[in-house]
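What follows is a short report on a single structure.
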Amino acid sequence: MLDKALIREHPDVLRASLRRRGQDSGAVDGFLKLDERWRAAVTEIDRLKAERNAISAEFARAKSAGSDDALASLRSRSSELGAQIEKRQREAEAFDHDATELLAGLPNILAEDVPDGLDASANRELRRHGEPPRFSFEPKPHWEIGERLGILDFERGVRLARSRFVVLAGAGARLNRALIDFFLQRNVASGFTEIMPPLLVNRETVEATGHLSKFSDVMFSVEDGALFLSPTSEVQLVNLHRGEILAEDALPKLYTAYTPCFREEAGAAGKDTRGLIRQHQFEKVELVGLSTAAGAREVHERITALAENLLQALELPYRLVLLCAGDTGFASRKTYDLEVWLPGQNAYREISSCSDCGDFQARRAHIRYRPAPKLRPEFAHTQNGSALAVGRTIVAILENYQQADGSVRIPSVLVPFMDGQTHIL
RNA sequence: GGAGAGAUGGGUGAGUUGGCUGAAACCGGCGGUUUGCUAAACCGUUAUAGUGCUAUAAAGGUGCUAUCGAGGGUUCGAAUCCCUCUCUCUCCGCCA
């Protein structure tokens, strides 16, 4: 959520940012108008309440003086004020409700170094690492490799749940676990604290990270919408300190978590229907940072570098992309995507997305820090990134490490995590 | 799931015949005095948010309002009374 004061004082900054995202800026003027009315109403309400409070104090005095006439007149004056307050309060609530709705729909203000552009074609490739492998045969897509090896079973996934659920078997399940273990070990070694959070989260938790406007499309819910299956552990990790005021020297807080993630993705029907790329349930190891304003950039870069190092260690070819304005997510002010090379698709595909959300999430989640004792608390900044998406890493390994005979070599860094197994045959 | 008890500021914990109680006291934190240093002692200070006015290069100052788990109600007035919900604790049951 954006800062009201920022919109009041610098609406042009916001309009410019919206324009860069290719969005209409009409909501800004709507907000400003409602906000002004709301403030006028609140000022009036506060004045009326002050008057009523004064009468209350006088009432106590008049009572001990025993003047019945005075009491009666005070009582009726106070009742009058009460009625006025109630009326004004209803107005104020309506203004506030509408203004907040508009405010909640406004995306984060983009960082200055986010390139212009409205879609993925304008994303800026910053660097490539590794060479796409050359095959002496026609490389197969991962679902063919996995099914042939008996480690990916899409049919039985459907039998147990429905479409877009999968069963990993044997070395496939083992590879999944090895990757989780490997990722977590590296992340913890880099100073991130491992967390095992609840997988079901309540409404406040979901709303705090700014997935509000679209969450009904993305998330599975249970208990009549009281709880949601988390779509990413970013949600839980950011909410860990919701409502808290942290000491500055406690920052940055760095967290990593392995969790299954669940996405209904109502809007994504028809995309990536085959294989492991887009599943309703997927595994992910996530990184989240809570930092000061000054430390945000460093943590964002650190998260991105850590995710990159994982790909390098796995010897998977990838490229680092800085998302353009139109492709940058709602809560983010700047996002790097890591795209891994997939021979089966002959393309780079997203395997990690690392965002700096500024104070956008922290404002709604009320995560603050005190720059120094005595000073007013400020909103923390949040950063997040996948390190990495486990399912997509399996895809990348199967496709990049496939052999002519249909077997798959295990990246050497992973062999110890596979109890020495070097190939899936 | 059944029965009971409870929820107050960073912590512990007063306050329940409704009325200068945003809230005692203690601990902790911060500033200071004392001190060769440390400790101790003493003094002061110490919630958050919204909004008005004012000020600035910034910080800020000042007024008002709100907040004693959350929401609603009674009342001229609620931390205090009533209702609903949530959570915590104890006992019983069940269970990986």
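Below, chains carry the letters A, B, ... as their sequence lines are ordered, and counting in each starts from 1.
More than 12 non-hydrogen atoms from other residues, nucleotides or ligands lie less than 6.0 angstrom from CD of A/E125.
Of the side-chain N and O atoms in A/N53, none sit less than 4.0 angstrom from OP1 or OP2 of B/G77.
Atoms CZ (A/R52) and C1' (B/G77) sit 8 Å apart, rounded to a whole Å. The distance from atom CD of A/Q89 to atom P of B/U65 is 13 Å, rounded to the nearest whole Å. Per the geometry, CD belonging to A/E204 stands 10 Å off C1' belonging to B/A70, to the nearest Å. Between the CD1 atom of A/I45 and the P atom of B/U65 there is a distance of 13 Å, given to the nearest Å. In this structure, A/I55 atom CD1 and B/G77 atom P are separated by 11 Å, rounded to whole Å.
Distance check on atom C1': B/G93 versus B/G29 gives 46 Å, rounded to whole Å. Nucleotides B/G6 and B/U67, compared at atom P, are 24 Å apart to the nearest Å. A distance of about 38 Å separates the C1' atoms of B/C83 and B/U46, rounded to the whole Å. Taking atom P on both nucleotides, B/C68 is separated from B/G19 by 16 Å, rounded to a whole Å. B/A79 and B/A23: their C1' atoms are spaced 8 Å apart (whole Å). Spacing between B/U17 and B/G13 at atom C1', rounded to whole Å, works out to 23 Å. Comparing B/U65 with B/G4, their P atoms sit 42 Å apart, to the nearest whole Å. Separation of the P atoms belonging to B/A25 and B/G15 is 15 Å when rounded to the nearest angstrom.
Taking a cutoff of 4.0 Å between a charged side-chain nitrogen and a carboxylate oxygen, A/R90 and A/E93 do not qualify as a salt bridge. A salt bridge links A/R15 to A/D12: at least one charged side-chain nitrogen sits closer than 4.0 Å to a carboxylate oxygen. Under the 4.0 Å criterion applied to side-chain N and carboxylate O atoms, A/E264 and A/R162 are assigned as salt-bridge partners. Salt bridge present: A/R297 and A/D113 bring a charged side-chain N and a carboxylate O closer than 4.0 Å. Using a 4.0 Å cut-off between a side-chain N of Lys or Arg and a carboxylate O of Asp or Glu, A/E91 and A/R88 qualify as a salt bridge. Salt bridge present: A/D35 and A/R39 bring a charged side-chain N and a carboxylate O closer than 4.0 Å.
In this structure the side chain of A/P107 reaches within 4.5 angstrom of the side chain of A/Q23, judged on heavy atoms.
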What does the list of N/O pairs under 3.5 Å between the protein and nucleotides 82-89 of chain B look like, with a distance for each?
none

Within the 4.0 Å limit for protein heavy atoms, which parts of nucleotides 48-60 of chain B are touched? Write it as a string from 5' to 3', B for base, S for sugar-phosphate only, - for none. SSBSS-------S
For A/I109 and A/L14: C-alpha separation, side-chain torsions, deciding distance, then whether side chain to side chain contact (heavy atoms under 4.5 Å, CB included) applies. CA-CA 6 Å; A/I109 290 177; A/L14 177 55; 3.9 Å; yes
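Counting only N and O atoms by type, the side chains of A/Q383 and A/S291 include a donor and acceptor under 3.5 Å apart. Side-chain atoms of A/E301 and A/Y336 form a donor-acceptor pair, as typed in the model, at a separation below 3.5 Å.
For the pair A/A50 and A/R75, nearest-nucleotide mapping onto RNA chain B gives the more 5' position to A/A50.
The residue A/A57 sits apart from the nucleic acid: no heavy atom pair falls under 4.0 Å.
Paired runs in RNA chain B that reach 3 or more consecutive Watson-Crick or G-U pairs, where each pair keeps both distances under 3.5 Å, cover B:1-7 with B:86-92, B:10-12 with B:25-27, B:28-33 with B:41-46, B:47-54 with B:60-67, B:69-73 with B:81-85.
A side chain to side chain donor-acceptor pair (under 3.5 Å) with A/Y318 is found for one member of A/Q312, A/R127, A/R349 and no other, namely A/Q312.
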